[in-house]
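Proteins get letters first, then strands, A, B, ... in listed order; numbering begins at 1 in each. Note that the structure is predicted; figures quoted are calculated from it, not measured.
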Amino acid sequence: MKRTLSKVIYNRGISPSYHLLGLRWEGRIDPGQFFMLRPWSFDRFDPLLNRPFGVYRVFEGGIEILYKVVGRGTRIMTGLKEGDEVILIGPLGRGFPFMEGWEEVSIVSGGVGIAPFYHLIQWIREKGSFPALSLYHGGRGEEDLVGIEEFERAGVTVNIATERGTRGYRGLISDLFKRDLEKGKVRPSAVLSCGPKGMLKEVALICRERGIPCYVSLDRMMGCGIGTCLGCVVRTKGGYQRVCMEGPVFESEEIVWEEL
Amino acid sequence: MKRTLSKVIYNRGISPSYHLLGLRWEGRIDPGQFFMLRPWSFDRFDPLLNRPFGVYRVFEGGIEILYKVVGRGTRIMTGLKEGDEVILIGPLGRGFPFMEGWEEVSIVSGGVGIAPFYHLIQWIREKGSFPALSLYHGGRGEEDLVGIEEFERAGVTVNIATERGTRGYRGLISDLFKRDLEKGKVRPSAVLSCGPKGMLKEVALICRERGIPCYVSLDRMMGCGIGTCLGCVVRTKGGYQRVCMEGPVFESEEIVWEEL
Amino acid sequence: MGGTVDLSVDIGGMRLRNPVMTASGTCGYGEELAPYMDLRRLGAIVVKGLSLKPRPGNPPPRMTEVPSGLINSIGLQNIGVEAFVRDKLPSLMDLGVPVIANIFGEDVEEYCLLARRLDGSGVAAIELNISCPNVKKGGMEFGRIPEEAHDLVREVRRATGLPIITKLSPNVRDIKEMAMAVEEAGTDAISLINTIPAMAIDVERRRPRLSSIIGGLSGPAIRPIAVRMVWEAYQAVKVPIIGVGGIMGASDALEFVIAGACAVQIGTATFIDPAVCEKVLKGIEEYMDRHGIRRFVDLIGSLEVS
Amino acid sequence: MGGTVDLSVDIGGMRLRNPVMTASGTCGYGEELAPYMDLRRLGAIVVKGLSLKPRPGNPPPRMTEVPSGLINSIGLQNIGVEAFVRDKLPSLMDLGVPVIANIFGEDVEEYCLLARRLDGSGVAAIELNISCPNVKKGGMEFGRIPEEAHDLVREVRRATGLPIITKLSPNVRDIKEMAMAVEEAGTDAISLINTIPAMAIDVERRRPRLSSIIGGLSGPAIRPIAVRMVWEAYQAVKVPIIGVGGIMGASDALEFVIAGACAVQIGTATFIDPAVCEKVLKGIEEYMDRHGIRRFVDLIGSLEVS
Ligand SMILES: Cc1cc2nc3c(=O)[nH]c(=O)nc-3n(C[C@H](O)[C@H](O)[C@H](O)COP(=O)(O)OP(=O)(O)OC[C@H]3O[C@@H](n4cnc5c(N)ncnc54)[C@H](O)[C@@H]3O)c2cc1C
Ligand SMILES: Cc1cc2nc3c(=O)[nH]c(=O)nc-3n(C[C@H](O)[C@H](O)[C@H](O)COP(=O)(O)OP(=O)(O)OC[C@H]3O[C@@H](n4cnc5c(N)ncnc54)[C@H](O)[C@@H]3O)c2cc1C
Ligand SMILES: Cc1cc2nc3c(=O)[nH]c(=O)nc-3n(C[C@H](O)[C@H](O)[C@H](O)COP(=O)(O)O)c2cc1C
Ligand SMILES: Cc1cc2nc3c(=O)[nH]c(=O)nc-3n(C[C@H](O)[C@H](O)[C@H](O)COP(=O)(O)O)c2cc1C
Ligand code: FES
Ligand code: FES
């Protein structure tokens, strides 16, 4: 029987809209899996639904969630404090694959889409694999560049793009990634991506043109997170699939992008 | 135009279920008047309604509310912290009368029903009147005896009853009050009362039998607090009256007690 | 306010300065709200439901809270049409805002008498609350049966020259059918929805929470139902529709407008924030500014459904 | 559990160990909930609605959140009755808990074919979801018109020996009338309510939040409406009633029971806490202990209304 309760260890802002939440947890988690979290008590029904969050970091006895405040749920979440009990269901879904033959892996992320990848890198390292790792991370501006030092410290080549041009390449991260591919600066065996829909589409297209295997983590509104509500489906070549069960990570070629 | 916003100055527990909440406020408040308070943001609708609270103490630039945790709303209220913005509507309703000729006034309160009386005493003193004041306060046990030292310090004769007999008279406060009346220990010109329904009824009856003017503050579920919803009515000899507008304090002889 | 965008709207011959009204039964006769907002900012004021004779209303408890909602059974307590016209209407009219009188009766005659009495009284329109049992016809509400609603509206139409707004009950099989029936009978506008019959029980005492057992549910809980009904009615009729039900802010009001309402009424939200109507109005203006919409009427029914 | 109090209840010939079931469409085919709770604790399992042929369901977005509620338009996605009987039913039956198959069709024949196919399959009962448009009769839902619902139930009654639970739609003029119609037609029990048609709009994009524009509202927002309907139906019919709609905890479930339901179904709450059914069951036991009620059946319809 899976546990569905946890306790807050810490909750702190690291920038005006990004926060880190530490929660008690023990057990195996694959990178890219997620949890359903209820950041308010069970007996208040507005907002009604739990919210899905990936895992940023796993540590002894707990997990850390990197979250961005985008609406009511995440705003309420900033009020959590040490010792608060929360409903936490997971780990859920299928995470990112990692194959033995991969020599170079590129990660392309936008905004809070960076969240699942720090754990991924932790996990790859723990497996004893050391492929070349590059992160392409984009955001509007400085405010979306949280945590990238940690990637650098972990030995990942970090490339930045900001739409306002306040740091790194001025423009979209997918454009920078494409340019580097064209220049031969990166030659990934596979691409892993998480971020806004438009970016994912772009990355999928770039990879398709070059025949690079690409895996994307999709963000959908979720009713249950455990496969019962059928609310989170995405159109794939094999019909509707549940993002919470068959995903959130899909091979990009499986997705019917026009309908996303 | 009346203001409808305020800020939390402090919020602290003084016993497991009693708390004090300080809120920014300026302006005149009659003792026994109340405010409608929304201890959570306007954009969360469960619970939906604001909650009515009396004023325990008025200080420079603010008011203090003494509240008891009884349900969801008051539980959420304990989470308020300094600087939080709250909807605060008031002061509302008609408070306790105080007449020039009164030489001795008895207050009978039960549980959190003590709340409006500290302010009343502050107010009487400020007016420069010094009638003999006695407080008859009852509760289940020690836990319901918050704040009584402050009454003692203010020169009020304090009489206590607890149902479990942990302090003072063992039993109901109305019984103690009746006994003291019979003994002639108190000879009030008027009685002011606030507390559970059963106690109020009892006090009203005691006063009726002796022809002592008695004023009771009624506790009703309130939709609006400002007289528009007609949800808070109480049956009086003159028909239904709104507790939020014509009350919350009524002359006890006006109330049709059988229907309360 | 209203400087850059045109918020005005026509409803059955009434010209409103803006589309935000109070909902009947939630603003008394206006005066209670006056300390909290400038009533002259309102598009119209809809007053508490009026009957021929004063009514004491139901015994308490009359109200209970449920998730994102409120159940009430006030029992249509009111001072009666005579006292209203004599004591309340004059000062309300001084505000210069159209006053809409919400009325209800126990049979068709009562409605007609009320409508006639109000004709020439100064009210700008009457709103028929048809969620009342027709005591002469077995006690089923007028608002549940298209034929009964039709006949009622037709008779009231004959009785008065005032614009008629018929307020529909959600308690129907098909709101389109109802809307068409009252349109056919000559209503000038439709407002919807009234509260939804609902019930809550105190399980510890095994007793209903309201003295009347069943009451009417209002508040955000019913909004998605109300928006759906406005959208359905909008497909079916040409008369203007006024959206009511769970509006707490500008974005909620805009849902109704985009679904097809040309104005909105705000009820339960005024209990939480008596100045909410002003905020909604301001929010609509900001939205129009942001989206470059100059005329409010261009928003009505602007839902894109392809 | 169940040691000191007797939670068992009879529904149309089925004996349930306790009155707590999952609601159709919110527990898949059971297996997804298994990691979170002991399914054998359930009174019964009601599976996702089944049709003759598999259905892909509606395009996304299929779900949106509203105050204390959820609007869904899954579009009855399901694997079809054959795959269900072949692939899902055997392991479900191993649990030793009655399995109730929720079914729907586009016309009377489809319902009858489904009912016949399930006869002898091992399911304990069928639940008729009649909130579906009758394509052969102009597209109005069976569940909105008493005569149509009556005829449907009568035909299904002839087609199967299984107990029939008819799940009523809230979208009616008068739930009593509906309940009486299906009782007359031979249903063994009634469940109510299904979701309420509702709609939400993304005002920034002026588009509906669901691909199907209108969806079904569930969750605590609808509970007071559902409790009222159970109470009304309880006055009108003798067949057992199963209460559904917004149950989040034991006290909510007890509201339904006290209003007249002999069992409850839990839907949306399982999305928030997949173990909620167990908690509700435990809460009911505690309540009975506290109130000295030994037999659950004594609670049914125990509302005091004097
Ligand atoms: C598998 C998965 C993993 C995720 N991991 C993370 C993470 O690690 N960190 C993080 O910050 N966020 C993550 N998210 C997104 C996160 O779930 C949403 O940001 C959150 O639910 C928003 O809740 P809210 O109440 O604040 O916003 P709402 O008030 O619900 O919505 C605010 C805005 O965001 C949109 N929105 C809401 N929910 C979603 C959603 N699920 N997908 C897309 N748009 C949405 C709304 O339409 C609205 O425009 C993840 C989502 C998924 C599906
Ligand atoms: C004029 C007035 C002044 C008040 N002043 C104070 C004060 O100074 N300090 C203080 O602690 N409380 C005061 N109260 C009572 C306070 O409003 C309620 O305790 C509070 O609203 C309960 O909210 P809740 O959400 O915690 O409880 P809920 O969850 O709403 O209810 C918990 C229990 O209390 C009952 N209940 C809820 N509200 C009321 C109510 N208004 N009257 C009676 N029973 C109720 C419910 O039926 C339930 O049994 C006052 C009430 C009124 C009308
Ligand atoms: C306390 C209360 C009293 C009401 N009285 C009336 C009334 O007298 N006449 C009427 O037509 N509607 C009445 N209504 C219904 C409202 O006008 C409105 O239709 C309904 O509450 C839905 O809107 P809301 O969710 O914004 O409150 C009343 C509603 C409430 C909550
Ligand atoms: C996502 C979802 C899918 C549903 N699917 C079905 C279904 O297939 N058949 C059916 O009869 N009811 C279906 N329902 C309705 C539920 O069984 C239940 O009647 C309704 O949701 C009210 O209960 P609740 O508030 O506890 O969810 C569905 C509800 C939801 C939320
Ligand atoms: S979120 Fe419910 S099935 Fe995926
Ligand atoms: S609380 Fe609304 S009239 Fe008194």
Side-chain angles (χ1 to χ4, degrees), chain C residues 64 66-71 140-141 144-145 170-175 196-209 213-215 217 219-232 246 248 250-259 287 290-291 299 302-306, chain D residues 64 66-71 140-141 144-145 170-175 196-209 213-215 217 219-232 246 248 250-259 287 290-291 299 302-306:
Chain C
T64 190
V66 289
S68 300
L70 180 70
I71 313 181
M140 181 63 114
E141 290 162 25
R144 291 203 189 192
I145 301 162
N171 223 15
V172 295
R173 174 187 300 165
D174 182 359
I175 199 78
I196 305 181
M199 177 173 171
I201 294 172
D202 178 342
V203 300
E204 292 305 321
R205 301 168 57 235
R206 289 200 277 284
R207 297 192 134 272
R209 291 215 180 257
I213 307 177
I214 293 173
L217 180 63
I222 69 170
R223 187 176 66 235
I225 301 170
V227 171
R228 185 260 303 176
M229 289 191 166
V230 166
W231 163 247
E232 287 182 338
M248 308 306 281
S251 129
D252 303 338
L254 287 162
E255 285 199 52
F256 281 93
V257 173
I258 293 167
Y287 174 90
R290 188 150 33 87
H291 288 261
L299 267 175
S302 61
L303 188 72
E304 285 170 38
V305 293
S306 78
Chain D
T64 191
V66 290
S68 300
L70 179 71
I71 314 180
M140 181 62 115
E141 290 162 24
R144 291 203 188 189
I145 302 162
N171 223 15
V172 295
R173 173 187 302 166
D174 181 0
I175 199 79
I196 305 181
M199 178 172 170
I201 293 173
D202 178 342
V203 299
E204 293 303 321
R205 299 167 60 236
R206 288 201 278 285
R207 297 191 135 276
R209 290 213 181 259
I213 307 177
I214 292 172
L217 181 64
I222 69 170
R223 188 177 63 235
I225 302 171
V227 171
R228 184 260 302 175
M229 288 191 166
V230 165
W231 163 247
E232 287 182 338
M248 308 308 280
S251 128
D252 303 338
L254 287 162
E255 285 199 52
F256 281 93
V257 173
I258 293 166
Y287 175 91
R290 186 150 36 87
H291 288 262
L299 267 175
S302 60
L303 189 71
E304 285 171 38
V305 294
S306 77

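- Taken to the nearest 0.5 Å, the CZ atom of D/F256 stands 10.5 Å off from the CE atom of C/M199.
- Of the listed residues D/I214, D/T64, D/V257, the one with more heavy-atom pairs under 4.5 angstrom with chain C than any other is D/I214.
- Proximity to chain C (any heavy atom under 4.5 Å) is shown, for D/I222, by neither the backbone nor the side chain.
- Considering CD1 of C/I71 and CD1 of D/I225, their distance stands at 9.0 Å, rounded to 0.5 Å.
- For D/D202, no part lies under 4.5 angstrom from a heavy atom of chain C.
- With a 4.5 angstrom heavy-atom cutoff, C/D252 does not touch chain D via any of its atoms.
- If you measure heavy-atom distances from C/L217 to chain D, the contacts under 4.5 Å come from the side chain alone.
- No other option in C/A226, C/A198, C/A221, C/P170 has as many heavy-atom pairs under 4.5 Å with chain D as C/A198.
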Do D/I201 and C/W231 pass the side-chain contact (heavy atoms from CB on, under 4.5 Å) test, and can you show the C-alpha distance, the side-chain angles, and the key distance before you say yes or no? CA-CA 11 Å; D/I201 293 173; C/W231 163 247; over 6 Å; no
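- Heavy atoms of D/L303 lying under 4.5 Å from chain C belong to its backbone as well as its side chain.
- Ranked by heavy-atom pairs under 4.5 Å with chain D, the first of C/E304, C/R144, C/R228 is C/R228.
- For the set C/D174, C/V66, C/L254, C/V172, the entry with the most heavy-atom pairs within less than 4.5 Å of chain D is C/V172.
- Between chain C and the residues D/G69, D/S302, D/A259, the most heavy-atom pairs under 4.5 angstrom are made by D/S302.
- Residues D/V203 and C/S251 approach most closely at CG1-O, 3.5 Å, considering heavy atoms.
- Residue contact with chain C, scored on non-hydrogen atoms closer than 4.5 Å, involves the side chain of D/I213 exclusively.
- Heavy atoms closer than 4.5 Å to chain C are found in the side chain of D/Y287, but not in its backbone.
- Each of D/M248, D/R223, D/R205, D/E255 has some count of heavy-atom pairs under 4.5 Å with chain C, and the biggest count is that of D/E255.
- At a 4.5 Å heavy-atom cutoff, the contact between C/V227 and chain D is made by backbone and side-chain atoms alike.
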Working for side-chain contact (heavy atoms from CB on, under 4.5 Å), residues D/H291 and C/E204: CA-CA 9 Å; D/H291 288 262; C/E204 292 305 321; 2.8 Å; yes
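- Contacts of D/E141 with chain C are absent, with no heavy-atom separation under 4.5 Å from either backbone or side chain.
- Atoms CD1 and CD, on D/I175 and D/E232 in that order, are 8.0 Å from each other to the nearest 0.5 Å.
- Distance check, rounded to the nearest 0.5 Å: CG of C/L299 to CD1 of C/I258 gives 6.0 Å.
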